[in-house]
There are 2 protein chains.
Amino acid sequence: MMKTIHTPHKEMGEKTHDNCLKAMRAVQDSLYVINGKWKLPIIVSLTFGKKRFSEIARDIPKITDRMLSKELQELELNMLIQKVPAEDKKNVVVYELTEYGNTLDPAIQELYKWGTQHREKIKED
Amino acid sequence: MMKTIHTPHKEMGEKTHDNCLKAMRAVQDSLYVINGKWKLPIIVSLTFGKKRFSEIARDIPKITDRMLSKELQELELNMLIQKVPAEDKKNVVVYELTEYGNTLDPAIQELYKWGTQHREKIKED
DNA sequence: CAGCATCCCAAACGATACTG
DNA sequence: CAGTATCGTTTGGGATGCTG
């Protein structure tokens, strides 16, 4: 009856200080790659299919060309996305998630779920 | 044989433009709450138990008192953490995750997993 | 120890204009 | 359309020092 209700740590192991530091490093490593205001939104956009520059821009409210350009470059450097020639029209390139970029999907799903219910929650005031 | 290998979108639904915009909003809502360099690390620290100010600070390399103080306030405002009197020693407070703060755990688990393998991957060069 | 105030800087971001 | 260059602004965050 003094046990806690929730059961976190499926992955992180027991609540030792070492495991805490390990988790800290891992989460900070993730953060380092997806930091900033726009990287995850871009990845979300590409989760819904290959897109051209302007299509991604349309998906993300308020992003500027400059930021989109800059972030696409960084994401490409980190091998999360890649430019490929469009299948139909020649001379057109589209952006798509790499296999590696797709490995972010579980995390994004969780952030999607959390964000969805969070929006509901704050609407209640 | 032309089917893609991965299966995202369990939660986000079909690849329609509307679902894309919906996902965009949700993920950006999450981002808004956990943005910055320190909020998730703090939550990770508290995932491993109630902690005093200095204990959290010790868990998170390079964080300054100022940032820790500032971020704790914001997290408290967002109802993700709370200050409670320590069980044993009177006149001492500790920080802990709220029930609501704990709902971030699945997302953090995924970021933990991703960060862990990412560290492995970049070590390979 | 716990935490805030002040000051300051660098990085992130935005606005605008421009080119192939 | 697909970006890049330049410039200006904002803000996240660091350093330091002080207080209860």
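Chain A is the first sequence line, chain B the second, and so forth, proteins listed ahead of strands; every chain is numbered from 1.
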Gap between atoms [atom1] and [atom2], on [X] and [N] respectively (whole Å):
X: B:L68; N: C:dG3; atom1: CG; atom2: P; answer: 8 Å
X: A:E76; N: D:dG3; atom1: CD; atom2: C1'; answer: 13 Å
X: B:R52; N: C:dG3; atom1: CZ; atom2: C1'; answer: 13 Å
X: B:L72; N: C:dG3; atom1: CG; atom2: P; answer: 7 Å
X: A:K62; N: C:dT16; atom1: NZ; atom2: C1'; answer: 17 Å
X: A:N91; N: D:dG3; atom1: CG; atom2: P; answer: 12 Å
X: A:K51; N: D:dC1; atom1: NZ; atom2: C1'; answer: 17 Å
X: B:I63; N: C:dA2; atom1: CD1; atom2: P; answer: 14 Å

Closest-nucleotide mapping onto DNA chain C: is B:R58 or B:Q73 further toward the 5' terminus? I mean the 5' end.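 In this pair, the answer is B:R58.
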Is [X] touching bases, backbone alone, or none of the nucleic acid, heavy atoms closer than 4.0 Å?
X: B:E55; result: nothing
X: A:K89; result: nothing
X: A:K83; result: sugar-phosphate

I'd like to know if the side chain of B:E71 and the backbone of B:L68 have a donor-acceptor N/O pair within less than 3.5 Å.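 Not a single qualifying donor-acceptor pair exists.
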For atom CG of B:D88, decide whether the heavy atoms of other residues, nucleotides or ligands shown that lie under 6.0 angstrom number more than 12.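 Yes, because the 6.0 Å sphere around CG of B:D88 holds more than 12 heavy atoms from other groups.
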Taking atom types as modelled and ignoring hydrogens, do the side chains of A:Q82 and A:Y100 form a donor-acceptor contact shorter than 3.5 angstrom?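 Note: A:Q82 and A:Y100 side chains miss the donor-acceptor criterion.
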Any donor-acceptor N or O pair under 3.5 Å, side chains A:D105, A:Q109: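 Distance-only check passes for A:D105 and A:Q109.
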Donor-acceptor contacts under 3.5 Å from residues 49-63 of chain A side chains, at least two apart:
residue: A:K50; atom: NZ; partner: A:E87; partner atom: OE2; Å: 3.2
residue: A:K50; atom: NZ; partner: A:E96; partner atom: OE1; Å: 3.3
residue: A:K51; atom: NZ; partner: A:S45; partner atom: O; Å: 2.8
residue: A:K51; atom: NZ; partner: A:S45; partner atom: OG; Å: 3.3
residue: A:K51; atom: NZ; partner: A:D59; partner atom: OD2; Å: 2.6
residue: A:E55; atom: OE1; partner: A:R52; partner atom: N; Å: 2.6
residue: A:D59; atom: OD1; partner: B:H17; partner atom: NE2; Å: 3.0
residue: A:D59; atom: OD2; partner: A:S45; partner atom: OG; Å: 2.8

Protein-nucleic acid N or O pairs under 3.5 Å, nucleotides 10-13 of chain D:
residue: D:dG13; atom: OP1; partner: B:K37; partner atom: N; Å: 2.9
residue: D:dG13; atom: N7; partner: B:R66; partner atom: NH2; Å: 2.3

Taking the side chain of B:S54 as its heavy atoms from C-beta onward, which of C:dC1, C:dG3, D:dG3 lies nearest to it?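 Minimum distance to the B:S54 side chain belongs to C:dC1.
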A side-chain contact here means heavy atoms from C-beta on lying under 4.5 Å apart; do A:M12 and B:F48 qualify?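 In contact.
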Yes or no on side chain to side chain contact (heavy atoms under 4.5 Å, CB included) for B:E120 and B:K123, after CA distance, side-chain angles and deciding distance? CA-CA 5 Å; B:E120 285 306 310; B:K123 231 189 296 182; 3.4 Å; yes
